[in-house]
Amino acid sequence: MGEGPDRTLRALEEGGKLYPHLGSVFSLHRSLRQVQLAVESEWARASYPAVDLARLKHGEPLLTFDGLGVEAQTLAKLASRIGPIIMERSASERPATDGPIDWMAEARKWFESRLPPAGDGGANSSVARIVAAYALMPWLERAAEFHADRVDLTHWNRAYCPMCGGWPDLAFLAQETGQRQLVCARCSTRWPYRRMGCPYCASDEPSSQYFPGFEASDRLYVCDRCRAYLKTVDLRERAAPSSVLFERVRLVPLDLAAEKAGYHAGWCASQEG
């Protein structure tokens, strides 16, 4: 986990103090992170096979599920620890199964869906799929970090993640240049993207909206064509984030404001299109 486990955990702990109204959300993600890190320390660092860089030239994400180095036994152990944390905070019923869950199969389905951990609000949001997603994320984040450090992403001009194919849920405007970087909702890979334009439907006319009560650095880019929104943090107005996960949680009220205004998460539009 490229941001550093200690730094991420400290940021999440501090976030609960800085934003007490989001204390339960910060606590949830801190608990998930602690469990992920505890199990991650038990497995050896994965040895990644060589990747086919031609995939990027053809618009295909670099990572495949089989290239993540997932260990079935460790994945199942992690899922067994994540499950109670998710269930404690979930209004959904426990997933109905006729026997033990095949966590490798669930994790593969989630990986290939290109959706974020919480899915799309439909069938892909089953508790089992959410648990499998959070269980897989340590392998996904580690593999993405490993390869992103060795691959030039400056020429990747697509709206989905060059590592895992996930859709962005966040963007940063660079401190020095104002260049927009999209952030994958799954593996947190960042890549440059044109400053204007909707990443989800390719409209050239999204508008930027500010909401009263939010910090000057925080804004929404909304698209009236597909009704998608993208949370954006202007780093010219704010110090570089100590943790992408911290920023995601901090901006939850901005998600709610966007939904109240009639917009929705961008990957919903992408799935429809």
Side-chain angles (χ1 to χ4, degrees), residues 1-43 46 68 70-95 97 100-101 103-104 106-107 109-111 113 115-121 124-145 164 166 169-170 183-189 231 241-256 265:
M1 300 184 182
E3 298 173 344
D6 293 336
R7 184 169 64 177
T8 299
L9 288 176
R10 284 197 301 270
L12 293 174
E13 182 176 12
E14 186 65 21
K17 300 174 184 177
L18 292 173
Y19 305 95
H21 58 295
L22 296 172
S24 62
V25 188
F26 276 108
S27 176
L28 166 62
H29 286 281
R30 189 167 187 273
S31 296
L32 290 171
R33 204 65 164 183
Q34 286 176 318
V35 170
Q36 289 170 332
L37 291 168
V39 174
E40 182 182 11
S41 66
E42 298 177 12
W43 83 68
L68 299 181
V70 183
E71 300 171 0
Q73 185 175 359
T74 309
L75 180 73
K77 179 189 292 187
L78 184 50
S80 71
R81 297 182 184 180
I82 287 176
I85 298 174
I86 297 296
M87 287 306 308
E88 182 181 349
R89 295 167 173 81
S90 173
S92 302
E93 297 181 358
R94 295 181 181 275
T97 60
I101 297 174
W103 291 112
M104 286 289 281
E106 287 291 336
K109 289 176 184 176
W110 173 71
F111 177 84
S113 75
L115 293 171
D120 62 357
N124 286 311
S125 291
S126 70
V127 175
R129 188 65 52 80
I130 293 172
V131 171
Y134 280 109
L136 181 64
M137 284 182 74
W139 282 277
L140 179 57
E141 290 179 341
R142 179 185 281 181
E145 176 193 358
C164 74
D169 68 336
L170 183 63
V183 184
C184 179
R186 292 150 51 101
C187 67
S188 293
T189 293
K231 303 186 299 292
S242 59
S243 164
V244 171
L245 184 53
F246 171 88
E247 293 297 304
R248 284 197 176 103
V249 178
R250 181 181 71 82
L251 293 174
V252 164
L254 204 52
D255 289 288
L256 300 178

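Values below: every heavy atom of this structure, side chains too, minus hydrogens, waters and symmetry copies. By convention here, the first residue in the shown sequence is residue 1.
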Pairwise distance CG(L136) to CD(E106) - rounded to 0.5 angstrom: 11.5 Å
What class does the angle between the rings of F246 and F26 fall in, given that below 30° is parallel, 30 to 60° is tilted and above 60° is perpendicular? tilted
Can you name the closest pair of heavy atoms from A143 and L68 and give their distance? CB-CD2, 3.8 Å
Y134 meets the ring-ring contact (aromatic ring centres under 6.0 Å, His included) criterion, sequence neighbours left out, with none
Heavy atoms only: give me the nearest S188-V244 pair and the separation to one decimal. OG-CG1, 4.0 Å
Closest approach of P117 to M137 (non-hydrogen atoms, all atoms of both residues): CG-SD, 3.6 Å
Sequence neighbours excluded, every pair satisfying salt bridge (Lys or Arg N to Asp or Glu O under 4.0 Å) that has a member inside residues 15-30: E13-R30
NE2 (H21) and CG (L18) are apart, to the nearest 0.5 Å, by 10.5 Å
I want to check something: taking the side chain as every heavy atom from C-beta on, are V70 and F111 in contact at a cut-off of under 4.5 Å? no
Rounded distance (nearest 0.5 Å) linking atom CH2 of W139 with atom CG of L78: 6.0 Å
Which heavy-atom pair separates R186 from G166 by the least distance, and what is that distance? CD-CA, 3.4 Å
Could you state the interatomic distance from CG (L37) to CD (Q34), rounded to the nearest 0.5 Å? 8.0 Å
Separation between CG of L256 and CG of L251, rounded to the nearest 0.5 Å: 11.0 Å
Taken to the nearest 0.5 Å, the spacing of L9 CG from R7 CZ works out to 12.0 Å
Donor-acceptor pair, side chain of W110 and main chain of I130, under 3.5 angstrom: no
Heavy-atom pair with the smallest gap, counting every atom of A128 and W103: O-CZ3, 3.3 Å
Salt bridge (Lys or Arg N to Asp or Glu O under 4.0 Å) contacts in which one or both residues fall within residues 243-253, not counting sequence neighbours: D169-R248, E215-R250, D218-R250, R238-E247, E247-R250
Do you know the tightest heavy-atom contact between I85 and S31? CD1-O, 3.9 Å
